[in-house]
Visitor: 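Sharing a structure with you now.
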2 protein chains.
Amino acid sequence: MKNSIKVERAKKNMTQQELAELIQVSRQTINSIEAGKYVPSTVLALKIAKIFGQPVELIFELEEGD
Amino acid sequence: MKNSIKVERAKKNMTQQELAELIQVSRQTINSIEAGKYVPSTVLALKIAKIFGQPVELIFELEEGD
DNA sequence: ACTTAATGTAAAGTATAATTTACATTTGGT
DNA sequence: ACCAAATGTAAATTATACTTTACATTAAGT
């Protein structure tokens, strides 16, 4: 699964720290998700999508093998 | 977080078993998600939404406390 | 009433998401 | 070059998603 969190963050000029605080997780959680180290829960995906004003499927995309 | 998987399944006349096979998880995983026992990963949410032809936000909804 | 498919539930185990702490590296401004 | 903010990375721990097995309950058909 890939995601465009980094891009959306850049659009809004938002740091990992700020995003982390907005959705109430640690900064490392955001960093790890961006780095593709793990797949977030649906709650996180919904919160992130909401903040960026985009549908979940536009920020998170399935890949081969998912 | 609540979801409308049961309803969408009913619309399509699909069993938990069938849905489970389509997204490659156990039947109990579907059952537990429907029962609200836990929040699925974003990969599962995307797969489920895809099968029902609905956006993720329409099937999975945040609640107070999420 | 009987049978069968579908669903609900539960316990134990495994895999993985998320946290915390800590430090290294990069980037941008002055 | 220096400083500070932001990002990358990593190990250890905790929380939770998911599996497997197994059994109980419900719903529907005959």
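Each chain gets a letter, A, B and so on, in the order the sequences are listed, and its residues count up from 1. Scope of the values below: all heavy atoms of this structure, side chains included, with no hydrogens, waters or symmetry mates. Please read all numbers here as calculations on a predicted model, not as lab measurements.
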Visitor: Using 0.5 Å steps for rounding, measure from the OG atom of A:Ser41 to the CG atom of A:Leu46.
Guide: 8.5 Å
Visitor: Working to the nearest 0.5 Å, report the span between NZ of B:Lys6 and CD of B:Gln16.
Guide: 7.5 Å
Visitor: Below 3.5 Å, can you tabulate the donor-acceptor pairs from side chains in residues 47-62 of chain A to any protein atom, sequence neighbours excluded?
Guide:
from, atom 1, to, atom 2, distance (Å)
A:Lys47, NZ, B:Asp66, O, 3.3
A:Glu57, OE1, B:Val56, N, 3.4
A:Glu57, OE2, B:Val56, N, 3.2

Visitor: Roughly, in whole Å, what's the span from CE in B:Met14 to C1' in C:dA5?
Guide: 17 Å
Visitor: Should A:Arg9 and A:Glu34 count as side-chain neighbours, where that means a heavy-atom distance under 4.5 Å?
Guide: yes
Visitor: If you measure from CG on A:Leu19 to CG on A:Asn31, what distance do you get to the nearest 0.5 Å?
Guide: 11.5 Å
Visitor: Grab the CG-C1' distance between A:Asn3 and C:dA17 for me, whole Å please.
Guide: 14 Å
Visitor: Separation of B:Arg27 atom CZ from C:dA10 atom P, in whole Å?
Guide: 14 Å
Visitor: Which is true for B:Thr29 with a 4.0 Å heavy-atom rule: it touches a base, it touches only sugar-phosphate, or it touches nothing?
Guide: base
Visitor: Given 3.5 Å as the limit, does a donor-acceptor pair link the side chain of B:Thr42 with the main chain of A:Pro40, or not?
Guide: yes
Visitor: Return the polar atom pairs (N/O with N/O) between nucleotides 25-30 of chain C and the protein under 3.5 Å, or none.
Guide:
none

Visitor: Can you tell me which nucleotide in C:dA17, C:dT20, C:dA10 comes closest to the side chain of A:Tyr38?
Guide: C:dA17
Visitor: From CG of A:Asn31 over to P of C:dA17, roughly how many Å is that when rounded to an integer?
Guide: 15 Å
Visitor: Report the distance from atom CD1 of A:Ile33 to atom P of C:dA17, rounded to the nearest whole Å.
Guide: 9 Å
Visitor: Rounded to whole angstroms, how far apart are CD1 on B:Ile5 and P on C:dT7?
Guide: 13 Å
Visitor: With a 4.0 angstrom cut-off to heavy atoms of chain B, pull out the first and last contacting nucleotide of DNA chain D, in 5'-to-3' order.
Guide: D:dA17 to D:dA22
Visitor: Got a second to check how far B:Gln17's CD is from B:Ser26's OG, nearest 0.5 Å?
Guide: 9.0 Å
Visitor: Mind checking if A:Ser26 touches a base, just sugar-phosphate, or nothing, with heavy atoms under 4.0 Å?
Guide: base
Visitor: Could you tell me how far apart B:Gln28 (CD) and C:dA6 (P) are, to the nearest whole angstrom?
Guide: 14 Å
Visitor: It should be established whether B:Arg9 places a side-chain nitrogen or oxygen under 4.0 Å from OP1 or OP2 of nucleotide C:dT7.
Guide: yes
Visitor: Could you pick out which residue, B:Gln16 or A:Val39, lies toward the 5' side of DNA chain C when each is mapped onto its nearest nucleotide?
Guide: B:Gln16
Visitor: Would you name the heavy atoms of B:Asn3 and B:Ile33 that are closest together and state the gap between them?
Guide: ND2-O, 3.1 Å
Visitor: As a test of reading the structure: which of C:dA10, C:dT7, C:dA18 is closest to the side chain of B:Lys37, going by heavy atoms?
Guide: C:dA10
Visitor: Tell me, do A:Ile23 and A:Ile30 make a side-chain contact under 4.5 Å, heavy atoms counted?
Guide: yes
